[in-house]
Amino acid sequence: MKNKPARFRKNLLSWNETSNKRSMPWKGVKDPYKIWLSEIILQQTRVEQGRKYYESFLEAFPAIGDLAKAGDESVFKLWEGLGYYNRCKNLLKTAREIYFEKGGIFPDAYEDIIQLKGIGPYTAAAMLSFAFNKPYAVVDGNVFRVLARIYGIDTPIDSTEGKKYFTDLAHQNLDKKLPGVYNQAIMDFGATVCKPAKPECNNCIMNSFCAAYLNGLVNHLPVKDNIIRKKIRHLTWLKISAGNKVLIYKRTANDIWQNLYEFYLVEKEEKTDWNIESVKDFCNHVFSMNPQQINILPKTEQQLTHQKIKAQIIEIDFTEAPGTLHAQQWVEEDVLKQFAFPKLLAAYLDEP
DNA sequence: AACACGGGGTA
DNA sequence: TACCCAGTGTT
């Protein structure tokens, strides 16, 4: 009787050869640049959501030098809508570091690769196994779930102890001769068979030795003890125009949507019901100027992981730029779409 | 160790 | 609504 890691490994690779139908453009690719790009895009992002971004990035920047030499705004524009924009900032930083300081060559040692911005333990292991065929086990959401169930581990996966435990377990299970194939297979298995909800236990080739299945714990594993608190924010964006120019600001604060653009923002603690009179009063009070025209759009909402955004856009036309206004950048209406905006504003620009 | 960071899919 | 997704960086 083989030990459990060996049994799991054998079954996983067998499933991979006979039943794994998952197809992705970066699968089997060895080019470190493409592996890296795909892994950054896929952090906390579903494969189906990331796929088109991978294609468009590769089309715009076929090699790392193309990305390294690109301007910030054009890269953020390509990233627009994908979320977690810090990834984009770090993508650029690392591309430039590799291209301009390391001769365009990705490091292939864990200690070197982990130091690059945007690359943590998961991405480092992915690059080392996929691009360099080195025996590092990836530990992502799929791996936590599969191993927690197969081995019946209830240590919280978001605890320090849990991360260490599952990393060690993942390494014990890894096929050291085929690390890339194994890593790809366990993630595909987690995504298509050992799914978070309604896993395919009845058709699972592991069910004869899966601790969670045998003990009726499938829906209780893995354990996560992180509690997310959501706060509500009330945002009003004043789209201020003067002539054919529109006022925009780049978000720089340590907050959501950093490095993206927005209109003049008014944030309040409580919900506000704007009307023509209150907008006029606001303009006269804050800008010392009477608006020529006001258009109050319907309220909209967006759910983020830690925040619920209640937003409203108000279009305001002035005959000329208010002198008292702290202006950052006036741009022509028809070049607005060259800038990257948060989803809510991008949707407005697409469908005003 | 705890928390923030987006947008979309699923139940 | 609540949870999750090829996680990482900051405090």
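Just so it is clear, the structure is predicted and the values come from calculations on it, not from any experiment.
For C:dG7, the base has no donor-acceptor partner in the side chain of A:Tyr122 [N/O atoms by modelled type, under 3.5 angstrom]. Judged by distance alone, with hydrogens and angles left aside, A:Thr305 brings a side-chain donor or acceptor within reach of the base of B:dG6, the pair sitting under 3.5 Å.
The OG atom of A:Ser159 sits 11.0 Å away from the CG atom of A:Asn226 when rounded to the nearest 0.5 Å. One distance of note links NZ of A:Lys271 with NE2 of A:His234; it measures 8.5 Å at 0.5 Å rounding.
Distance alone, capped at 3.5 Å, places no donor-acceptor pair between the A:Ser38 side chain and the A:Trp36 backbone. Side-chain N or O atoms of A:Gln258 include one that pairs as donor or acceptor with a backbone N or O of A:Ala253 at under 3.5 Å.
Nucleic acid contact for A:Lys89: none, since no nucleic acid atom lies under 4.0 Å from a heavy atom of the residue. Within 4.0 Å of A:Asn183, counting heavy atoms only, lies no atom of the nucleic acid at all. Residue contacts for A:Asn226: at a heavy-atom cut-off of 4.0 Å it reaches no nucleic acid atom on any strand shown. Within 4.0 Å (heavy atoms only), A:Trp26 reaches at least one base atom of the nucleic acid. Among the heavy atoms of the strands, none lies under 4.0 Å from A:Ser159. Using a 4.0 Å heavy-atom cutoff across all strands shown, A:Met127 reaches no nucleic acid atom at all. Residue contacts for A:Lys117: at a heavy-atom cut-off of 4.0 Å it reaches the sugar-phosphate backbone alone, with no base atom in range.
A residue-by-residue look at A:Asp158 and A:Gln258 shows that A:Asp158 has its nearest nucleotide of DNA chain B further toward the 5' end. Place A:Trp257 and A:Lys198 on DNA chain B by their nearest nucleotides, and A:Trp257 ends up nearer the 5' end. Place A:Asn254 and A:Thr123 on DNA chain C by their nearest nucleotides, and A:Thr123 ends up nearer the 5' end.
Sparse packing is recorded around NZ of A:Lys93, with 12 or fewer heavy atoms of other residues, nucleotides or ligands lying under 6.0 Å away. Around atom CD of A:Glu161, no more than 12 heavy atoms belonging to other residues, nucleotides or ligands sit under 6.0 Å away.
A:Glu39 has its CD atom 13 Å from the C1' atom of C:dC5, to the nearest Å. With rounding to whole Å, A:Ile114 atom CD1 is found 7 Å from C:dT8 atom P. Protein atom CG of A:Asp140 is 14 Å distant from nucleotide atom C1' of C:dT8, rounded to whole Å. The NZ atom of A:Lys343 sits 10 Å away from the C1' atom of B:dG6 (whole-angstrom rounding). Between A:Lys230 atom NZ and C:dC4 atom P the separation is 13 Å, expressed in whole Å. Per the geometry, CG belonging to A:Leu304 stands 12 Å off C1' belonging to B:dG8, to the nearest Å. Rounded to an integer number of Å, the gap from A:Phe144 CZ to C:dT8 P is 10 Å. A:His306 places its NE2 atom 13 Å from the P atom of B:dA2, with the value rounded to the nearest Å.
An OP1 or OP2 oxygen of B:dG6 is reached within less than 4.0 angstrom by no side-chain nitrogen or oxygen of A:Gln307. Side-chain N/O atoms of A:Asn86 include none lying less than 4.0 angstrom from OP1 or OP2 on B:dC5. Look at A:Lys93 and you won't find any side-chain N or O under 4.0 angstrom from OP1 or OP2 of C:dT8. OP1 and OP2 of B:dA4 both lie 4.0 Å or more from every side-chain N or O belonging to A:Tyr84. Contact check, A:Arg229 against B:dA2: no side-chain N or O comes under 4.0 Å of OP1 or OP2. Side-chain nitrogen and oxygen atoms of A:Arg87 include none within less than 4.0 Å of the OP1 or OP2 phosphate oxygen of C:dG9.
The separation of C:dT8 from B:dG8, taken at their P atoms, amounts to 22 Å, rounded to a whole angstrom. Spacing between C:dT10 and B:dG7 at atom C1', rounded to whole Å, works out to 22 Å. With both ends at atom P, the span from C:dT11 to B:dG6 equals 15 Å, rounded to whole Å. B:dC5 sits 15 Å from C:dC4 when the C1' atoms are compared, rounded to a whole Å.
DNA chain B lies under 4.0 Å from at least one heavy atom of each of the following residues of residues 40-55 of chain A: A:Gln44, A:Thr45, A:Arg46, A:Gln49.
Among all heavy-atom pairs drawn from A:Lys337 and A:Leu349, the shortest one is CE-O, 3.3 Å.
With distances taken from any side-chain atom of A:Pro121 to the nucleotides C:dT8, C:dT1, C:dA6, the minimum falls on C:dT8.
Stacking of A:Lys4 on the aromatic ring of A:Phe209 is not recorded, the 6.0 Å distance cut-off and the 45° axial limit not both being met.
Taking the six-membered ring for Trp, A:Phe287 and A:Tyr264 have ring centres closer than 6.0 Å. In this structure, A:Phe282 has its ring center under 6.0 Å from that of A:Trp274.
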